[in-house]
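Scroll down for the structure; my scribbles are underneath it.
What you see is a predicted model, and the numbers here were worked out from it, not measured in a lab.
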Amino acid sequence: ETSAVALLVDPEQGTVVDANDAAAAFYGWPRQKLVGRRMSDIVHAADGASCRMDGWRPGDRLAMRHQTAAGSVHHVEVYPAEVAVRGRSLLFVIVHDLTGRIEAERAREQSEVRYRTLLNEASDGIFLVDADGTYVDANPKGCEMVGYTREELLGLRIGDLLAPEDLERTPLRLEELRDGRTLISQRRLRRKDGRYVHVEISARR
């Protein structure tokens with residue numbers, strides 16, 4: 001028996017004809033109570049239209065929400081296939097739980113929004129560079145400081161904004177950031193218009 005959540009459904013009656021142990025564990029009803037239950041008890045009320053299985057076709061991948069006996073709601077993908085059982089045309093339905101993946105995606109999106117908000121509202125110039133010293137992001141204050149737009153900065157390297165004589169006298173020590181240290185230095189940044197601005201740089205990995 002497959003370990004995936006699997007239901008055998010009568011599409012005309014909209015009821016569960018059979019279910020595997022994985023389905024019983026997933027939905028929280030004993031197998032004997034899951035059998036005979038209407039799909040309208042399983043499909044979340046907001047997705048009620050999905051209970052109409054006359055529109056389900058083999059090969060479909062249907063996104064919906066299913067609810068358990070305890071009332072928890074899971075985002076799922078449903079894969080139906082037609083099967084003939086004792087002369088009856090039924091649907092063999094595999095249910096994949098997507099809740100963990102969707103919640104992780106939402107958490108990542110929220111984290112990115114928080115990151116972008118903090119970056120944009122910071123009163124200090126913030127620059128993000130890759131391991132080669134190429135700019136990959138900058139906040140509005142940083143762009144204002146050097147006179148470049150964010151798009152103009154992307155692709156430039158740290159050395160492009162530093163005075164050559166300063167670099168010769170005090171080379172960059174990016175390799176030291178690999179140890180998790182914070183490097184603080186005073187330098188001159190060369191603006192787009194050629195003028196220099198004196199800054200204190202705090203850099204960390």
Side-chain angles (χ1 to χ4, degrees), residues 4 43-50 55 59-67 71-79 94-205:
V43 178
H44 191 266
D47 298 330
S50 299
D60 281 349
R61 185 175 67 178
L62 307 169
M64 62 185 73
R65 286 166 291 180
H66 282 186
Q67 55 195 7
S72 61
V73 178
H74 294 257
H75 293 267
V76 300
E77 277 186 344
V78 171
Y79 300 82
I94 297 293
V95 180
H96 287 176
D97 186 9
L98 304 180
T99 306
R101 190 181 80 188
I102 289 175
E103 289 178 349
E105 289 173 353
R106 286 178 177 171
R108 186 178 65 250
E109 290 171 358
Q110 291 171 355
S111 176
E112 290 173 353
V113 169
R114 286 195 297 269
Y115 158 77
R116 182 57 56 186
T117 299
L118 289 171
L119 199 68
N120 289 342
E121 295 183 356
S123 58
D124 291 325
I126 300 175
F127 302 89
L128 193 67
V129 301
D130 63 17
D132 296 326
T134 302
Y135 291 99
V136 295
D137 206 353
N139 71 340
K141 185 63 177 180
C143 293
E144 176 189 336
M145 185 182 297
V146 296
Y148 287 92
T149 66
R150 179 177 176 274
E151 290 69 26
E152 289 172 334
L153 271 177
L154 302 187
L156 294 180
R157 296 171 63 85
I158 292 178
D160 296 329
L161 271 63
L162 296 175
E165 59 271 22
D166 290 355
L167 272 176
E168 186 175 346
R169 183 171 57 252
T170 311
L172 295 173
R173 306 191 308 276
L174 295 181
E175 67 281 353
E176 295 185 21
L177 296 176
R178 299 192 182 105
D179 299 328
R181 283 184 279 176
T182 297
L183 298 181
I184 298 177
S185 61
Q186 292 185 348
R187 290 186 179 273
R188 292 185 299 162
L189 292 183
R190 183 170 53 197
R191 291 172 46 84
K192 183 181 178 181
D193 60 14
R195 294 185 292 119
Y196 285 96
V197 55
H198 292 266
V199 298
E200 181 178 77
I201 299 174
S202 174
R204 62 175 298 174
R205 188 172 182 178

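Residues satisfying the side chain to side chain donor-acceptor pair (under 3.5 Å) criterion with R65, sequence neighbours excluded, are D47. The side-chain contact (heavy atoms from CB on, under 4.5 Å) test applied to T117 returns V113, E121, not counting sequence neighbours. Partners of A163 under the side-chain contact (heavy atoms from CB on, under 4.5 Å) rule, at least two apart in sequence or in another chain, are E165, D166, R188, Y196.
Every pair passing ring-ring contact (aromatic ring centres under 6.0 Å, His included) that includes a residue from residues 127-162 is listed here, sequence neighbours excluded: F127-Y135. Residue pairs meeting the ring-ring contact (aromatic ring centres under 6.0 Å, His included) criterion with at least one member in residues 95-126, sequence neighbours excluded, are Y79-H96. Annotation: salt bridge (charged side-chain N to carboxylate O under 4.0 Å, His left out) contacts involving residues 124-151, sequence neighbours excluded, comprise R116-D137, D137-R150, K141-E144. Counting only residues at least two apart or on different chains, the salt bridge (charged side-chain N to carboxylate O under 4.0 Å, His left out) pairs with a member in residues 195-205 are D193-R195.
Contact annotation: the side chain of R190 never approaches that of L162 to less than 4.5 Å [non-hydrogen atoms, C-beta and beyond]. At a threshold of 4.5 Å between non-hydrogen side-chain atoms, the residues L183 and S202 do not count as touching. In this structure, V146 and L153 have side chains that are in contact, with non-hydrogen atoms separated by less than 4.5 Å. Counting heavy atoms from C-beta outward, L189 and M145 have side chains that approach closer than 4.5 Å. Side-chain contact between I158 and V129 is present, with at least one heavy-atom pair separated by less than 4.5 Å. Two residues are said to be in side-chain contact when any heavy atoms from C-beta on lie closer than 4.5 Å; H66 and V43 meet this criterion.
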- Evaluate the criterion side chain to side chain contact (heavy atoms under 4.5 Å, CB included) for residue pair L62 and E77; output intermediate values, then yes/no. CA-CA 5 Å; L62 307 169; E77 277 186 344; over 6 Å; no

- Message: Quick one, L156 with L161, criterion side chain to side chain contact (heavy atoms under 4.5 Å, CB included). Give me CA distance, side-chain angles, the key distance, then yes/no.
- Response: CA-CA 8 Å; L156 294 180; L161 271 63; 4.0 Å; yes

- Item | CA sep, side-chain torsions, deciding dist, call: S185, T170, side chain to side chain contact (heavy atoms under 4.5 Å, CB included) | CA-CA 10 Å; S185 61; T170 311; over 6 Å; no

Distance-only donor-acceptor pairs under 3.5 Å for side chains of residues 98-112, two or more places apart:
unit_1	atom_1	unit_2	atom_2	d
T99	OG1	H75	N	2.9
T99	OG1	D97	OD1	2.7

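Contact detail for G159 and L167: the closest heavy-atom pair is CA-CD1, 3.9 Å.
Checked by atom type and distance alone, the side chain of H44 pairs as donor or acceptor with a backbone atom of A46 at under 3.5 Å.
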